[in-house]
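See structure below.
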Amino acid sequence: MNSIELILLNFSEIRRRSIKLWNGIPDEYLNWKPDEKAFTVIEMIRHVLEGEHLFHRIVELRGNLGDYQSPWVELKYSDLKNELEFSGKYWVEFLGMINGLNESDLENITIERKEVGQNKKLGDYLNRIAYHEAVHTGQMLGYLRTIGIELPNIWD
């Protein structure tokens, strides 16, 4: 397995586990949040899915987003099924972008985000994208513990 295949496997496994977790949340808790400053459950799911699209654009543009307009900007919150259906084509495009990379791209392409003081090699940046979703998966597990919902087994 080469580096690109490992990165694709990592993204796929993180998303599979996120979806398994999200599917274990009853709809009546989608608007729950632990405090006034936190994301609701559905907002956090959207944040993960929309954030991935944002990161994809950052990679494509090598850091400079310009006048980025999110496809989610007018989408009303509803349920998990709608969020996954809407984001599905962007997920496929994101994985396709990674699949189209050469291993040398991971070392030779630089993502420079001057507005946040970042200058990272593409391989590093892709790992940071994966970490973002993994962090929110852990955060969501905390939400479910607080609510008292049985935790789905994402450690299969």
Query - His47 NE2 to Gln139 CD distance, which is reported to the nearest 0.5 Å - result: 8.0 Å
Requested in this report: Please answer whether the main-chain N or O of Glu133 pairs with a side-chain N or O of Arg15 as donor and acceptor at a distance below 3.5 Å.
Outcome: no
Query raised in the report: To the nearest 0.5 Å, what is the distance between CG (Asn2) and CD (Glu5)?
Result: 4.0 Å
Report task. Search all heavy atoms of Asn10 against all heavy atoms of Ala130 and return the closest pair with its distance. Result -> ND2-CB, 3.7 Å
Report task. Please check if Leu144 and Ile14 belong to a single hydrophobic cluster, counting links between Ile, Leu, Val, Met, Phe, Trp and Tyr side chain heavy atoms closer than 4.5 Å. Result -> no
**Report entry** Min side-chain heavy-atom separation Val41-Trp22 under 4.5 Å
**Finding:** no
Requested in this report: Identify whether the distance between the nearest side-chain nitrogen and carboxylate oxygen of Glu43 and Arg46 falls below 4.0 Å.
Outcome: no
Report summary line: Looking only at heavy atoms, the pair that brings Ser3 and Glu103 closest together is OG-OE1, 3.0 Å
Query raised in the report: Should Phe11 and Leu9 be counted in the same cluster of Ile, Leu, Val, Met, Phe, Trp and Tyr side chains packed under 4.5 Å apart?
Result: no
Query - Path from Leu151 to Met44 over hydrophobic side-chain contacts below 4.5 Å - result: yes
Query raised in the report: Going by heavy atoms in the side chains, are Asp156 and Lys20 under 4.5 Å from each other?
Result: yes
Query raised in the report: Counting only N and O atoms by type, is there a donor-acceptor contact under 3.5 Å from the side chain of Thr110 to the main-chain atoms of Glu112?
Result: no
Query raised in the report: Would you say Pro71 and Phe86 make side-chain contact, with heavy atoms under 4.5 Å?
Result: yes
Query - Over all atoms of both residues, closest heavy-atom pair of Ile147 and Tyr29 - result: CG2-CE2, 3.3 Å
**Report entry** Hphob cluster co-occupancy, Val73 + Val48, side-chain heavy atoms under 4.5 angstrom
**Finding:** no
Report task. Heavy atoms only: give me the nearest Leu95-Leu8 pair and the separation to one decimal. Result -> O-CD2, 3.6 Å
Report summary line: Rounded to the nearest 0.5 angstrom, the CD1-CD1 distance for Ile4 and Ile98 is 8.0 Å
Report task. Dump the intermediate steps for side-chain hydrogen bond (donor to acceptor under 3.5 Å, both in side chains) on Glu60 and His56, then the final yes or no. Result -> CA-CA 6 Å; Glu60 286 180 326; His56 182 185; 3.2 Å; yes
Query raised in the report: Taking the six-membered ring for Trp, is the centroid-to-centroid distance between Trp91 and His53 below 6.0 Å?
Result: no
**Report entry** Heavy-atom check, side chain of Leu30 versus side chain of Thr40, under 4.5 Å
**Finding:** no
Report task. Without swapping roles, check the side chain of Asn108 against the backbone of Ser104 for a donor-acceptor pair under 3.5 Å. Result -> yes
Query raised in the report: To the nearest 0.5 Å, how far apart are OH in Tyr125 and OH in Tyr131?
Result: 15.0 Å
Query raised in the report: Can you name the nearest heavy-atom pair linking Pro152 to Gly24, along with the distance?
Result: CG-CA, 3.9 Å
Query - Carboxylate-amine/guanidinium proximity below 4.0 Å for Asp105 and Lys121 - result: no
Query - Crowding at CG, Asp67 (>12 non-hydrogen neighbours, <6.0 Å) - result: no
Query raised in the report: Is any side-chain heavy atom of Leu75 closer than 4.5 Å to a side-chain heavy atom of Asn82?
Result: yes
Query raised in the report: Does Glu150 CD have over 12 foreign heavy atoms under 6.0 Å away?
Result: no
Query raised in the report: Within the distance-only criterion (no hydrogens, no angle test), does the side chain of Arg113 pair as donor or acceptor with the backbone N or O of Gln118 below 3.5 angstrom?
Result: no
Query raised in the report: Rounded to the nearest 0.5 Å, how far apart are CD1 of Ile111 and CG of Asn119?
Result: 9.5 Å
**Report entry** Side-chain heavy-atom pair Ile129, Val59 within 4.5 angstrom cut-off
**Finding:** yes
**Report entry** Min side-chain heavy-atom separation Tyr68-Leu54 under 4.5 Å
**Finding:** yes
Query - Verify same cluster id: Tyr90, Phe94 (apolar side-chain graph, 4.5 Å) - result: no
Query raised in the report: If you measure from CD1 on Ile45 to OG on Ser18, what distance do you get to the nearest 0.5 Å?
Result: 9.0 Å
Query - Donor-acceptor pair, side chain of Asn23 and main chain of Ile19, under 3.5 angstrom - result: yes
Query raised in the report: So, Lys89 and Glu93, do they make that salt bridge, N to O below 4.0 Å?
Result: no
Query - Atom of Pro26, atom of Ile149 and distance for their closest heavy-atom approach - result: CD-CD1, 3.7 Å
Requested in this report: Give a yes or no on whether the backbone of Glu36 and the side-chain of Lys33 come within a donor-acceptor separation of less than 3.5 Å.
Outcome: yes
**Report entry** Trace of the side-chain contact (heavy atoms from CB on, under 4.5 Å) decision for Leu49 with Leu84
**Finding:** CA-CA 8 Å; Leu49 299 171; Leu84 292 174; 4.2 Å; yes
Query raised in the report: Yes or no on side-chain contact (heavy atoms from CB on, under 4.5 Å) for Met140 and Ile25, after CA distance, side-chain angles and deciding distance?
Result: CA-CA 10 Å; Met140 189 69 77; Ile25 303 169; 3.9 Å; yes
